[in-house]
Amino acid sequence: MPDSGYPWPIDTTRLDNGLRVVVSEDRSAPAVAVNLWYDVGSRHEPEGQTGFAHLFEHLMFEGSANVAKTEHMKFIQGAGGSLNATTNPDRTNYFEMVPAEHLELALWLEADRMGGLVPALTQETLDNQREVVKNERRQRYENVPYGDSWLRLLPLLYPPGHPYHHATIGSMADLNVADLATFQAFHTTYYAPNNAVLTVVGDAEPAEVFALADKYFGAISARDDIPSAPDGRTVPATGRPAVETVTADVPAPRVYVAHRTHPYGTPGYDVTTVLATVLGTGRGSRLYQRLADGERIAQPDLVGAYGVDLAHGPAPLIATATARPGVTAERLRTGLTDVVDELATVPVTAAELDRAKALLSTQWWRHMSTVDGRADVLGRYATQFGDPAKIGERLPAWLAVTAEQIAEQAAELLGAGDRATLTYLPEETS
């Protein structure tokens with residue numbers, strides 16, 4: 001296994017307008033991944049503008065100065081490519097995968113919607129995409145069992161005013177009351193070249209990419225007054241558990257137990273990553289072995305634990321389990337918290353640690369095996385840590401975590417006094 005978590009070349013430049021360009025050449029296949037990270041997510045949203053970053057994920061596909069509505073998708077798909085976008089609390093990400101000969105097309109399209117969306121944004125487009133987001137909220141959060149769990153966990157973990165207090169889907173009330181000028185101002189503020197990282201991975205020479213980036217993005221003006229997100233690095237411990245119980249149309253009791261840990265990319269979160277894998281990844285994990293296979297109180301495919309990779313505040317570690325028929329929520333909650341608590345007192349074995357690190361290594365290299373996976377992670381490290389080459393540190397950091405560090409973190413951060421617990425109870429049926 002390579003010593004570095006990224007054995008491919010990395011070349012970088014910065015345009016005069018501040019756009020950072022990252023290239024990782026890979027001639028193994030005639031394809032390129034184009035990835036654009038904007039340093040704007042739900043953590044940047046001012047009060048009264050929640051959901052704006054996510055709505056722009058939709059609006060950016062609805063036409064720009066030289067590209068008509070839906071044409072961005074038609075051009076990329078017509079060239080044999082694929083594309084999408086995602087939003088999270090930390091950033092908004094747009095990406096394409098195209099045959100190498102269509103690199104210039106992808107860069108032109110991304111530049112046009114960076115610099116030319118506002119002139120093309122109409123009230124009709126805005127109203128249409130507001131309705132799309134409302135439908136997405138219904139489909140993903142409101143009309144599926146347990147779908148609103150993330151919306152409920154965030155306020156339990158982060159107090160009002162914290163940048164992670166609300167989810168990226170935002171408030172429908174905020175989206176409804178904002179006028180066209182407010183949305184145009186949001187785009188002008190955050191969708192600037194000096195607030196973005198352009199990454200290209202695949203069959204392209206760095207010099208070619210740098211020249212094309214300058215050709216299409218170079219004339220877009222920088223923004224001098226981009227506001228910083230609120231500082232979310234510190235969340236005062238209350239010493240009191242946060243508890244919410246929801247009675248809803250769900251098929252069985254489910255419990256979520258969540259704790260704040262460390263920001264993604266820090267040594268503390270490297271420990272969290274390995275800890276979460278020991279605790280809740282796969283059939284060999286402690287949660288599966290105890291609750292699904294041992295006590296048989298949790299459904300085997302609905303028990304696990306994971307960290308949420310947020311980089312600008314103490315990121316959550318979440319453990320969850322769904323009850324087998326006849327098991328009460330109280331019994332499930334007790335079993336779940338017992339396993340979490342024992343991380344501080346029952347040492348992680350060498351076999352558990354080796355298994356977790358093997359799983360994480362496989363996961364890492366599976367992601368790195370694709371040019372689009374690499375483009376995304378390079379964009380992340382350039383945006384969040386200022387240096388895409390730091391990507392090579394992540395896997396070695398995971399592999400260096402010790403059982404003693406896991407026990408120390410569990411004792412420090414996973415105590416009952418600062419725990420968020422969300423419980424779902426099925427509605428009574430006659």
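FYI, the numbering just counts along the sequence from 1. Values below: all heavy atoms of this structure, side chains included; hydrogens, waters and symmetry mates excluded.
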Side-chain donor-acceptor contact under 3.5 Å, E62 with T125
no
| field | Heavy atoms of other groups near E47 CD, more than 12 under 6.0 Å | value | no
- Is the Y424 ring parallel, tilted or perpendicular to the Y146 ring (thresholds 30°, 60°)? perpendicular
In short, G81 meets P99 closest at the heavy-atom pair N-CD, 4.3 Å
- prompt: Any chance CZ of R27 has more than 12 other-residue heavy atoms, nucleotides or ligands included, within less than 6.0 Å?
  reply: yes
Below 30° counts as parallel, above 60° as perpendicular, anything between as tilted: where do the rings of Y164 and H162 land?
tilted
Please step through side chain to side chain donor-acceptor pair (under 3.5 Å) for the pair N135 and Q139, ending with a clear verdict.
CA-CA 6 Å; N135 285 332; Q139 293 170 2; 5.6 Å; no
*asked:* Would you say D112 and Y216 are linked by a side-chain donor-acceptor pair, where the criterion is simply a distance under 3.5 Å?
replied: no
- request: Check whether NZ of the Lys or CZ of the Arg R394 lies under 6.0 Å from the centre of the six-membered ring of W364 and within 45 degrees of that ring's axis.
  value: no
Please determine whether salt bridge (Lys or Arg N to Asp or Glu O under 4.0 Å) holds for the pair D372 and R374, giving the CA-CA distance in whole Å, both sets of side-chain angles, and the decisive distance to 0.1 Å.
CA-CA 5 Å; D372 50 333; R374 276 177 262 154; over 6 Å; no
Flag for T182-D179: side-chain donor and acceptor within less than 3.5 Å = yes
For H259 and G415 the tightest heavy-atom approach is NE2-O, 3.5 Å
Checklist entry - Is the NZ or CZ atom of R113 both under 6.0 Å from the centre of the six-membered ring of F56 and within 45° of that ring's axis? => result no
Heavy atoms of K357 and W398 approach each other most closely as CE-O, 3.6 Å
For V197 and G379, the nearest pair of non-hydrogen atoms, with its separation, is CG1-CA, 4.2 Å
For Y190, the ring pair (Phe, Tyr, Trp, His ring centres under 6.0 Å) test, sequence neighbours excluded, returns H44, F186
When every non-hydrogen atom of A420 is compared with those of L156, the smallest separation belongs to CB-CB, 3.9 Å
Separation between CE (M60) and CG (L36), nearest 0.5 Å, reads 7.5 Å
Tested for side chain to side chain donor-acceptor pair (under 3.5 Å) against W37, the lone hit among N195, D376, T199, T383 is D376
Closest non-hydrogen atoms of A106 and V98, given as atom of the first, atom of the second and distance, are CB-CG2, 4.5 Å
Would you call E352 and R355 a side-chain contact if the rule is heavy atoms closer than 4.5 Å?
no
### Query
Which of parallel (below 30°), tilted (30 to 60°) and perpendicular (above 60°) describes F52 and F183?
parallel
